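Position 1 is the first residue of the sequence; numbering continues from there. Computed from a predicted structure; not experimentally measured.
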Amino acid sequence: MPELPEVEALREFLDEHLVGKEIARVLPVAISVLKTYDPPLSALEGATVSAVARHGKFLDIEAGGLHLLVHLARAGWLQWKDVLPSGPPHPGKGPLALRTALTGGDGFDLTEAGTTKRLAVHLVHDPADVPGVARLGPDPLAADFDLAAFTALLAGERRQIKGALRDQSLIAGIGNAYSDEILHAARMSPFKPTQNLTSEETAVLYEAMRTTLGEAVERSHGIAAGRLKAEKKSGLRVHGRAGETCPVCGDTIREVSFSDSALQYCPTCQTGGKPLADRRMSKLLK
């Protein structure tokens, strides 16, 4: 799933390639992709893109006083085309979900792999009209999101830290991959309860979060949209690397599986050398 660093890189890419250009048409190909119908997508025809913003994992393309909000979900992606195909796209079983064509002949496709369709597009007057945006917590890389703000957010939480980091209504933009990376950098168990964090541990976690996300954004800076997925994977130390060697201590990276996802961690770095056998049965909370 694209998370804050990749979506920020896409925002930067689109800011360079899209702002100032005129939209010819926006064509939904997959029935499931469009979540709003008023205003219609035809309202964007002839509008000039004035800005591209990011809200958590949402891209926000502003044109003609309207906002085209895109959430790529788990398997969605944006593919820029210097020259779009001349004919209209045909609905079918392929990954293409929506096409945005510009008057200059270029534009972008939104695609989604797999059979589970969660990619979402909204056209609204105000980004806050999208429930997923309205409920977002603060951006973890915002200049005013300091340690005091982070400490205050966690003060009322009573759950495992992995889940807290992934909660978009608490902190916007962090998903499964970067929560693993942040906890590895902080040398902290994903199952540790937030209410058990000391002030020193909270400070370590905050620094790990800012550093991990900031470095990922920096690595993605200037990379073309088509190469961002590979860049993300190459920069991950533990996520998606079960069975490999931890680059910090040399231990074997382990995995805990869930019904629809999995987390990865290093026992030596994060759990005192003890493997986490199961999310529900493990008593290891330190």
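- Residues L68 and F13 share a hydrophobic cluster, clusters being chains of Ile/Leu/Val/Met/Phe/Trp/Tyr side chains in contact below 4.5 Å.
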| query | Between V33 and K117, does a side chain to side chain contact (heavy atoms under 4.5 Å, CB included) hold up when you go through it step by step? | reply | CA-CA 8 Å; V33 68; K117 302 302 181 183; over 6 Å; no
task: Might you work through the side chain to side chain contact (heavy atoms under 4.5 Å, CB included) test for E215 and T211, ending with a clear yes or no?
output: CA-CA 6 Å; E215 289 179 351; T211 300; 3.4 Å; yes
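- Interatomic distance, OG of S220 versus CD of E8, reported as 9.5 Å (0.5 Å rounding).
- No donor-acceptor pair under 3.5 Å is formed between the side chain of R54 and the backbone N or O of V7.
- In the hydrophobic cluster analysis, where Ile, Leu, Val, Met, Phe, Trp and Tyr join through side-chain heavy atoms closer than 4.5 angstrom, L119 is grouped together with W80.
- Scanning all heavy atoms of the two residues, the minimum distance from T268 to C249 falls at CB-SG, 3.5 Å.
- By the 30° and 60° cut-offs, the orientation of the rings of F145 relative to Y206 is tilted.
- Sorted by first then second residue, the salt bridge (Lys or Arg N to Asp or Glu O under 4.0 Å) pairs that include residues 199-214, not counting sequence neighbours, are K192-E201.
- Using modelled atom types, no side-chain atom of Q160 and backbone atom of P190 make a donor-acceptor pair closer than 3.5 Å.
- For residues 12-40, the salt bridge (Lys or Arg N to Asp or Glu O under 4.0 Å) pairs, not counting sequence neighbours, are K21-D106.
- By the 4.5 Å heavy-atom criterion applied to side chains, I61 and L44 are not counted as neighbours.
- Listed by first and then second residue, the ring pair (Phe, Tyr, Trp, His ring centres under 6.0 Å) pairs involving residues 155-176 amount to none (not counting sequence neighbours).
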Checklist entry - Under the side chain to side chain contact (heavy atoms under 4.5 Å, CB included) criterion, do V248 and C266 qualify, and how do the steps go? => result CA-CA 9 Å; V248 174; C266 170; over 6 Å; no
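- A 6.0 Å sphere centred on CZ of R99 holds more than 12 heavy atoms belonging to other residues, nucleotides or ligands.
- Atom OG1 of T212 sits about 9.5 Å away from atom OH of Y178, to the nearest 0.5 Å.
- The main-chain N or O of H67 is never found under 3.5 Å from a side-chain atom of E62 such that the two would form a donor-acceptor pair.
- Across L84 and G107, no two heavy atoms sit closer than the pair CD1-CA, 3.8 Å.
- Interatomic distance, CD of Q264 versus CZ of R237, reported as 15.5 Å (0.5 Å rounding).
- In this structure, CG on L27 lies 11.5 Å from CG on L110, to the nearest 0.5 angstrom.
- Closest heavy-atom contact between D146 and A149: OD1-N, 2.9 Å.
- Between the side chain of E3 and the backbone N or O of A177 there is at least one donor-acceptor pair closer than 3.5 Å.
- Here M209 contributes atom CE and S179 contributes atom OG; the two are 12.0 Å apart, rounded to the nearest 0.5 Å.
- Cluster membership for L69 and L41, using ILVMFWY side-chain heavy atoms within less than 4.5 angstrom, is not shared.
- G56 and A172 make their closest contact through CA-CB, 3.8 Å (heavy atoms, listed as atom of the first residue, atom of the second, distance).
- Closest approach of L141 and G214 over heavy atoms only: CD2-N, 4.1 Å.
- The closest donor-acceptor contact from the side chain of E112 to the backbone of W77 lies at 3.5 Å or more, if one exists at all.
- Taking 4.5 Å as the limit, some side-chain heavy atom of I23 sits within range of a side-chain heavy atom of L102.
- With contacts defined as side-chain heavy-atom distances shorter than 4.5 Å, the pair D139/L4 qualifies.
- Looking only at side-chain heavy atoms (C-beta outward), E157 and L170 come within less than 4.5 Å of each other.
- Residues L165 and L183 meet the side-chain proximity criterion, which asks for heavy atoms closer than 4.5 Å.
- Hydrophobic clustering, with ILVMFWY side chains joined whenever heavy atoms are under 4.5 angstrom apart, groups L34 together with V70.
- Taking OG1 of T151 as the start and CG of L205 as the end, the distance is 9.5 Å to the nearest 0.5 Å.
- Between F58 and Q168 the shortest side-chain heavy-atom distance does not fall below 4.5 Å.
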Next on the checklist: Using the rule given for side chain to side chain contact (heavy atoms under 4.5 Å, CB included), can you reason through L59 versus L78, listing the C-alpha separation, both sets of side-chain angles and the distance that settles it, and then say yes or no?
Outcome noted: CA-CA 10 Å; L59 278 171; L78 184 148; 4.3 Å; yes
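- In this structure, L153 and I171 have side chains that are in contact, with non-hydrogen atoms separated by less than 4.5 Å.
- Between the side chain of Y265 and the backbone N or O of L276 there is at least one donor-acceptor pair closer than 3.5 Å.
- K57 and G175 make their closest contact through NZ-CA, 3.7 Å (heavy atoms, listed as atom of the first residue, atom of the second, distance).
- The hydrophobic clustering, which links ILVMFWY residues whose side-chain heavy atoms are closer than 4.5 Å, places L66 and V130 apart.
- Apart from I253 itself, the hydrophobic cluster it occupies contains V238, where clustering links Ile, Leu, Val, Met, Phe, Trp and Tyr at side-chain heavy-atom distances under 4.5 Å.
- Sorted by first and then second residue, the pairs that involve residues 160-180 and meet salt bridge (Lys or Arg N to Asp or Glu O under 4.0 Å), not counting sequence neighbours, are R159-D167, K162-D180.
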Pairs of donor and acceptor atoms involving the side chains of residues 121-129, under 3.5 Å and at least two apart or interchain, shall be tabulated with distances.
from : atom 1 : to   : atom 2 : distance (Å)
D126 : OD1    : A128 : N      : 2.9
D129 : OD2    : D126 : N      : 3.3

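- Under a cut-off of 6.0 angstrom, the local environment of CZ in R118 is sparse, with at most 12 non-hydrogen atoms contributed by other residues, nucleotides or ligands.
- Side-chain contact between V29 and D109: absent, with no pair of heavy atoms (C-beta onward) separated by less than 4.5 Å.
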